[in-house]
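First the structure, in the form of structure tokens, and then the observations on it.
Along the sequence shown, the residues carry numbers beginning at 1.
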Amino acid sequence: ETEATEQIPMAKATAEYPKQSASDDSYAERTVTPITLSPKQQKEERIKELLTSFYEYTEKNDFYNLQYLYASKVDRFYSLYNTNRGEVMDNWMQYDDMFKVKPNSKQYLIDWNTLKITEDYNNTFVEYELIFSMKRYESNKPSWFHLKVHMKLNANYEIVSIYEDTLEKR
């Protein structure tokens with residue numbers, strides 16, 4: 001049984017190499033073949049794109065785009081259970097004020113080497129570690145966190161659950 005693959009179109013890439021000798025007027029040419037990803041690799045790339053967008057939107061407080069990464073019904077959003085996209089977004093909009101975060105100071109760094117993806121019939125489970133830092137108005141509060149994130153995605157790659165374990169904070 002062969003695994004179905006999808007070819008990602010790429011422009012034909014050519015490279016010219018220097019002459020081999022003073023009397024050689026020809027140039028060598030090479031062609032790069034298209035990259036073929038297995039379904040597992042395609043899923044991993046799609047999840048990496050989703051996570052990259054998620055943290056870009058979160059850093060910038062881009063709530064408009066962030067909302068579309070969540071399913072309409074959310075099983076878990078940190079300490080909230082059986083909630084919805086609207087309530088999730090209300091919580092995101094209150095985050096900076098609640099934790100007294102200085103504007104434009106949130107930064108996320110995902111450790112891609114820790115990315116683990118598993119799935120069942122309807123859902124994809126994603127776990128990874130990241131470093132989250134921010135500048136806070138209350139300097140005595142922690143502002144650096146090493147986190148393990150647990151996320152569940154539905155078949156449309158929408159977030160239906162997210163929570164994290166704090167591994168270290170400073």
Side-chain angles (χ1 to χ4, degrees), residues 1-17 28-93 95 106-134 144-170:
E1 183 174 83
T2 60
E3 200 173 61
T5 58
E6 175 184 324
Q7 282 207 343
I8 297 176
M10 293 180 62
K12 180 180 175 185
T14 60
E16 292 186 351
Y17 294 95
E29 186 179 286
R30 85 182 150 129
T31 303
V32 177
T33 54
I35 297 173
T36 304
L37 298 178
S38 70
K40 182 179 177 181
Q41 290 168 319
Q42 291 172 36
K43 178 171 269 212
E44 183 174 319
E45 286 306 307
R46 186 158 181 191
I47 290 168
K48 284 181 174 181
E49 288 173 13
L50 172 109
L51 295 176
T52 299
S53 296
F54 178 81
Y55 290 109
E56 283 177 7
Y57 300 154
T58 303
E59 282 180 4
K60 297 175 185 173
N61 289 337
D62 181 351
F63 304 122
Y64 178 79
N65 284 309
L66 185 61
Q67 72 179 323
Y68 295 111
L69 299 182
Y70 286 92
S72 57
K73 293 182 181 176
V74 177
D75 297 338
R76 182 173 181 183
F77 176 75
Y78 301 98
S79 62
L80 293 176
Y81 292 87
N82 300 317
T83 186
N84 59 60
R85 181 187 297 141
E87 193 171 3
V88 165
M89 295 317 301
D90 288 346
N91 274 264
W92 272 123
M93 288 186 259
Y95 185 90
K106 293 182 291 207
Q107 292 184 331
Y108 298 88
L109 180 61
I110 299 171
D111 181 353
W112 295 113
N113 294 322
T114 64
L115 180 65
K116 291 182 185 153
I117 301 168
T118 56
E119 53 192 308
D120 67 12
Y121 181 71
N122 291 318
N123 300 294
T124 300
F125 302 90
V126 182
E127 289 185 352
Y128 53 95
E129 292 180 23
L130 65 78
I131 301 298
F132 168 53
S133 62
M134 62 182 154
W144 182 96
F145 301 85
H146 179 191
L147 305 170
K148 182 172 188 174
V149 180
H150 307 269
M151 187 181 284
K152 180 169 74 171
L153 307 173
N154 64 18
N156 296 322
Y157 292 87
E158 296 169 319
I159 301 166
V160 293
S161 176
I162 184 170
Y163 66 96
E164 56 200 30
D165 300 322
T166 301
L167 304 175
E168 182 183 358
K169 63 183 174 181
R170 301 181 203 150

Could you verify whether a donor N or O on one side chain and an acceptor N or O on the other, from Tyr81 and Arg76, lie under 3.5 Å apart?
yes
Is the distance between the ring centroids of Tyr68 and Tyr64 under 6.0 Å?
yes
Does the pair Glu44 and Gln42 meet the rule for a side-chain contact (heavy atoms from CB on, under 4.5 Å), with working shown?
CA-CA 5 Å; Glu44 183 174 319; Gln42 291 172 36; over 6 Å; no
With rounding to the nearest 0.5 angstrom, report the CZ to CD1 distance, Phe77 to Ile159.
9.0 Å
Whether Tyr108 and Phe132 hold their rings parallel, tilted or perpendicular, with breakpoints at 30° and 60°:
parallel
For Leu66 against Tyr70, the heavy-atom pair lying closest together
O-CD1, 3.6 Å
Side chain Glu59, main chain Glu56, donor-acceptor under 3.5 Å:
no
Tell me whether the guanidinium CZ or amine NZ of Lys48 lies under 6.0 angstrom from the six-membered ring centre of Trp112 and within 45° of its axis.
yes
With distance as the sole test, does Thr83 use its side chain to make a donor-acceptor pair with the main-chain N or O of Leu80 at under 3.5 Å?
no
Are the side chain of Asn91 and the backbone N or O of Glu87 linked by a donor-acceptor pair below 3.5 Å?
yes
Could you tell me if the side chain of Tyr78 sits less than 4.5 Å from the side chain of Glu164, heavy atoms only?
yes
Audit row: Ile47, Thr124, side-chain contact (heavy atoms from CB on, under 4.5 Å) steps and yes/no
CA-CA 10 Å; Ile47 290 168; Thr124 300; 3.7 Å; yes
Roughly how far, to the nearest 0.5 Å, is the CZ atom of Phe54 from the CD1 atom of Ile110?
9.5 Å
Should Tyr163 and Val149 count as side-chain neighbours, where that means a heavy-atom distance under 4.5 Å?
no
Using 30° and 60° as the class boundaries, would you call the ring planes of Tyr95 and Trp92 parallel, tilted or perpendicular?
tilted
Looking at side-chain heavy atoms only, is the closest gap between Lys169 and Thr166 below 4.5 Å?
yes
Could you tell me whether the side chain of Asn156 and the main chain of Glu158 form a donor-acceptor pair under 3.5 Å?
no
Can you measure from CG (Leu115) to CG (Leu51) and round to the nearest 0.5 angstrom?
6.5 Å
Drop me the distance from Ile131's CD1 to Leu147's CG, to the nearest 0.5 angstrom.
7.5 Å
Return the CD to CE distance between Gln107 and Met134, rounded to the nearest 0.5 Å.
12.0 Å
Measuring from Met151:CE to Leu69:CG, what's the distance to the nearest 0.5 Å?
8.5 Å
Taking the side chain as every heavy atom from C-beta outward, state whether Trp144 and Glu168 have any atom pair closer than 4.5 Å.
yes
Between the side chains of His146 and Glu129, does any donor sit under 3.5 Å from an acceptor?
yes
Counting only N and O atoms by type, is there a donor-acceptor contact under 3.5 Å from the side chain of Gln41 to the main-chain atoms of Ser38?
yes
Is any side-chain heavy atom of Asn154 less than 4.5 Å from a side-chain heavy atom of Asn122?
no
From Lys43, Lys40, Lys152, residue fulfilling side-chain hydrogen bond (donor to acceptor under 3.5 Å, both in side chains) relative to Glu119:
Lys43
Show, in sequence, the C-alpha distance, side-chain angles and deciding distance for Lys116 and Tyr128, and conclude whether the side-chain contact (heavy atoms from CB on, under 4.5 Å) test is met.
CA-CA 6 Å; Lys116 291 182 185 153; Tyr128 53 95; over 6 Å; no
Thr58 and Lys106 side chains, donor-acceptor separation under 3.5 Å
no
Quick one: does Ser161's side chain have a donor or acceptor within less than 3.5 Å of a partner on Asp75's backbone?
no
Please walk me through it: do Lys73 and Val160 pass side-chain contact (heavy atoms from CB on, under 4.5 Å)?
CA-CA 7 Å; Lys73 293 182 181 176; Val160 293; over 6 Å; no
Side chain proximity check, Phe145 to Leu130, heavy atoms < 4.5 angstrom
no
